[in-house]
Amino acid sequence: MPTLTLADPPTLRLLSPVNLHRSTSISSPFFCKPSRNNCTGPWRVRCSVAGESTISSSKVGDGNNYSPVDCVIVGAGISGLCIAQALATKHGDVGSNVIVTEARDRVGGNITTMEGDGYLWEEGPNSFQPSDSMLTMAVDSGLKDDLVLGDPNAPRFVLWNGKLRPVPSKPTDLPFFDLMSFPGKLRAGFGALGIRPPPPDHEESVEEFVRRNLGDEVFERLIEPFCSGVYAGDPSKLSMKAAFGKVWKLEQKGGSIIGGTFKAIQEKNNTPKPPRDPRLPKPKGQTVGSFKKGLIMLPEAISKRLGGKVKLSWKLSSIIRLDDGGYSLTYETPEGLVSLQSRSVVMTVPSRVASSLLHPLSAVAADALSKFYYPPVAAVSISYPKEAIRTECLIEGELKGFGQLHPRSQGVETLGTIYSSSLFPNRAPPGRILLLNYIGGATNPGILSKTESELVEAVDRDLRKMLINPNAKDPLVLGVRVWPQAIPQFLIGHLDLLDAAKSALRDGGFQGMFLGGNYVSGVALGRCVEGAYEVAAEVADFLSQYAYK
């Protein structure tokens, strides 16, 4: 996550996290009224509800058995695939004998890139921050030439009092941006320096931490919409320590956000830095990245490199601890039941799935994992002609920027909107604007009771309040993707629950059983990749100490 200081405001990474790793009617005749399973109507619309895949009545085979492996990674989403690749590229001496299994018939988890009619759009995570870990994974996957980066100078906007207002992108912007009042800026500055109430003796929510340190305006106009955009969450319940740990640690280290920032800079300057991989590109400024044909290129490239090590349509039905310390995993597959034996296992499936699978091994770990909350989110991809954009929202005659966030207090239901066709090239035909909108989240779980056309209507109605001309034609709907359980919420107590699950496995003698995925590493796509390298290092360390005898 970006460092929340006045010199480095939050970027507009709507649900990127999304990185998502395992995710009133309009009278116009152009609005279809599809059911959840019957998306028909005059609009060209691709509607779907995303959920857990299941495998239908696999018949028992003749006991298909594989040779023992070093590690089985359960889940071929971005975390699972990146762990496998990290083991191969960084720890090939101990962790190259790996199998990745996936219950669905495709890789990528919630990464869902669609293409058609001259459009390319995302229906899950939409972009990533190009950290060195993320760039290393892309380069190792053979995608260096396919990387695309957004303009670092492109503005981000927040809706406030009916107007889209730019967020400051550099220190020189601070005196001039109109998203906050002058007293609000002073309050934030003094608070960042440490002139504010001391920390309480309990775990603070994001709202408590920000209001105490930076004041009400920073929370209401910057951080609250940022939480809605990244986590689709409720900042009064999100844990500052768990959700924005880097910022939380600044106050712990330096007595204030500014003090902690200076200490972190000193520590960085005093720590010898290894030479940067010369293969990696050098992004400029605060930007986000993707690939020429969308995010799906990364999981597909990794899967191609892993080849036969990736097993699709394999549904894990049981895990048994063996006497020699390894594990036996039984799968339902299209070919029948398959048994795998492995020295280690990494669970990268959603926490609720991991809970069910691990319950026979450790009821305590399973109970902790079952308590994480994933609210619903819908991704609504729509297109308007360029002339539908309000004149006051154009910069040099064009819609420029990353997108916009909408505080819950501003009377709109949509969490935020990404300017997809402005952010990356070749995402829409000439003369068309492609917008990716997210709606739902922890404060609006009622989206599950709405039809796809009702979701489109809500988004279109919101956009006409600030971005789209009220009399513009109805949008072209490209896709409505509903994720019933989308993004894990890092609520107060999240880290305690995670520690309880890990401790229960460790204390129960289940060495070699690891937990991974976005509820462990963080919800942003880049954090999932960083977390994959961390888990791969843990697995490699275990395998180097407990090799087969």
Side-chain angles (χ1 to χ4, degrees), residues 12 14-15 26 28-32 34 39 41-48 112-127 146 148-151 154-157 159 164 288-297 378-406 414-439 452-453 455-481:
L12 190 81
L14 300 175
L15 295 182
I26 289 180
S28 165
F30 294 102
F31 277 80
C32 61
C39 298
W43 262 350
R44 287 180 290 168
V45 55
R46 300 170 177 85
C47 310
S48 58
T112 308
T113 305
M114 309 294 289
E115 186 174 14
D117 300 328
Y119 292 91
L120 181 74
W121 70 98
E122 304 285 357
E123 295 187 347
N126 67 88
S127 61
D146 292 291
V148 290
L149 300 175
D151 179 2
R156 290 94 161 159
F157 301 94
L159 175 67
L164 292 172
V288 295
S290 183
F291 302 98
K292 291 178 180 177
K293 288 295 184 180
L295 293 178
I296 196 63
M297 290 189 75
V380 179
S381 299
I382 55 180
S383 174
Y384 297 89
K386 178 181 173 181
E387 55 268 23
I389 306 299
R390 294 188 180 194
T391 303
E392 64 268 26
C393 296
L394 298 176
I395 301 174
E396 299 175 349
E398 301 290 338
L399 179 65
K400 295 183 179 181
F402 281 78
Q404 58 194 52
L405 288 170
H406 311 143
T414 310
L415 297 170
T417 299
I418 295 171
Y419 305 162
S420 299
S421 52
S422 302
L423 188 55
F424 301 122
N426 304 316
R427 298 297 166 109
R432 302 291 300 188
I433 300 296
L434 174 61
L435 302 176
L436 170 56
N437 309 271
Y438 293 106
I439 186 170
E452 281 81 5
S453 59
L455 293 173
V456 171
E457 177 194 350
V459 169
D460 180 68
R461 182 176 60 244
D462 286 345
L463 290 175
R464 291 173 190 268
K465 295 177 180 179
M466 78 297 257
L467 182 68
I468 302 299
N469 288 315
N471 60 350
K473 293 181 180 180
D474 291 331
L476 169 67
V477 180
L478 295 164
V480 179
R481 177 80 58 163

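Just the heavy atoms: all of them, side chains too, but no hydrogens, waters or symmetry mates, feed the values below. Source: prediction; values computed, not measured.
Looking at residues two or more places apart in sequence or on another chain, you find no side chain to side chain donor-acceptor pair (under 3.5 Å) involving Lys465. Applying the side chain to side chain donor-acceptor pair (under 3.5 Å) test to Thr113 and every residue at least two apart in sequence or in another chain returns Glu122. With sequence neighbours excluded, the residues that form a side chain to side chain donor-acceptor pair (under 3.5 Å) with Lys386 are Glu398. Partners of Thr112 by side chain to side chain donor-acceptor pair (under 3.5 Å), not counting sequence neighbours, listed by chain and number: Arg106. Judged as a side chain to side chain contact (heavy atoms under 4.5 Å, CB included), and not counting sequence neighbours, the contacts of Asp151 are Asn153, Ala154. Every residue meeting the side chain to side chain contact (heavy atoms under 4.5 Å, CB included) condition with Leu423, not counting sequence neighbours, appears here in chain and number order: Val288, Phe402, Ile418.
Between Leu435 and Tyr384, the closest side-chain pair of non-hydrogen atoms falls below 4.5 Å. For the pair Tyr119/Ser381, no side-chain contact is recorded, criterion being any heavy-atom separation below 4.5 Å from C-beta on. Put simply, the side chain of Arg390 reaches to within 4.5 Å of the side chain of Pro470, judged on heavy atoms. Side-chain atoms of Ser290 and Arg427, non-hydrogen and from C-beta on, do get closer than 4.5 Å to each other.
Within the 3.5 Å criterion, the main-chain N or O of Leu405 finds no donor-acceptor partner in the side chain of Arg156. The closest donor-acceptor contact from the side chain of Asn437 to the backbone of Val380 lies under 3.5 Å. Counting only distance, with no hydrogens or angles, the side chain of Asn469 and the backbone of Ala388 share a donor-acceptor pair below 3.5 Å.
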Legend entry - Evaluation steps, side-chain contact (heavy atoms from CB on, under 4.5 Å), between Asp117 and Arg432: CA-CA 12 Å; Asp117 300 328; Arg432 302 291 300 188; over 6 Å; no
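In this structure, CG in Asn126 is found 7.0 Å from CG in Leu295, a value given to the nearest 0.5 Å. For the atom pair Cys393 SG and Ile468 CD1, the distance stands at 8.0 Å (nearest 0.5 Å). Once rounded to the nearest 0.5 Å, the distance linking OG1 of Thr417 with CE of Met466 reads 6.5 Å. Within the model, atoms CG of Leu394 and CD of Glu387 stand 11.0 Å from one another, a figure rounded to the nearest 0.5 Å. Separating the OH atom in Tyr438 from the CG atom in Leu415 is a distance of 10.5 Å, to the nearest 0.5 Å.
The only member of Leu455, Asp462, Leu463, Val456 that meets side chain to side chain contact (heavy atoms under 4.5 Å, CB included) when paired with Val459 is Leu463.
The two residues His406 and Leu159 come nearest to each other via the heavy atoms CD2-CB, 4.0 Å. Glu115 approaches Leu120 most closely through the heavy-atom pair CB-CD1, 3.8 Å. Scanning both residues, Tyr419 and Leu399, for their nearest heavy atoms gives CE1-CD1, 3.8 Å. The nearest pair of heavy atoms linking Arg481 to Met114 is NH2-SD, 4.0 Å. Nearest approach of Leu478 to Trp121, heavy atoms of both residues: O-CZ2, 3.5 Å. The two residues Pro475 and Arg464 have their closest heavy-atom pair at CD-NH2, 4.2 Å.
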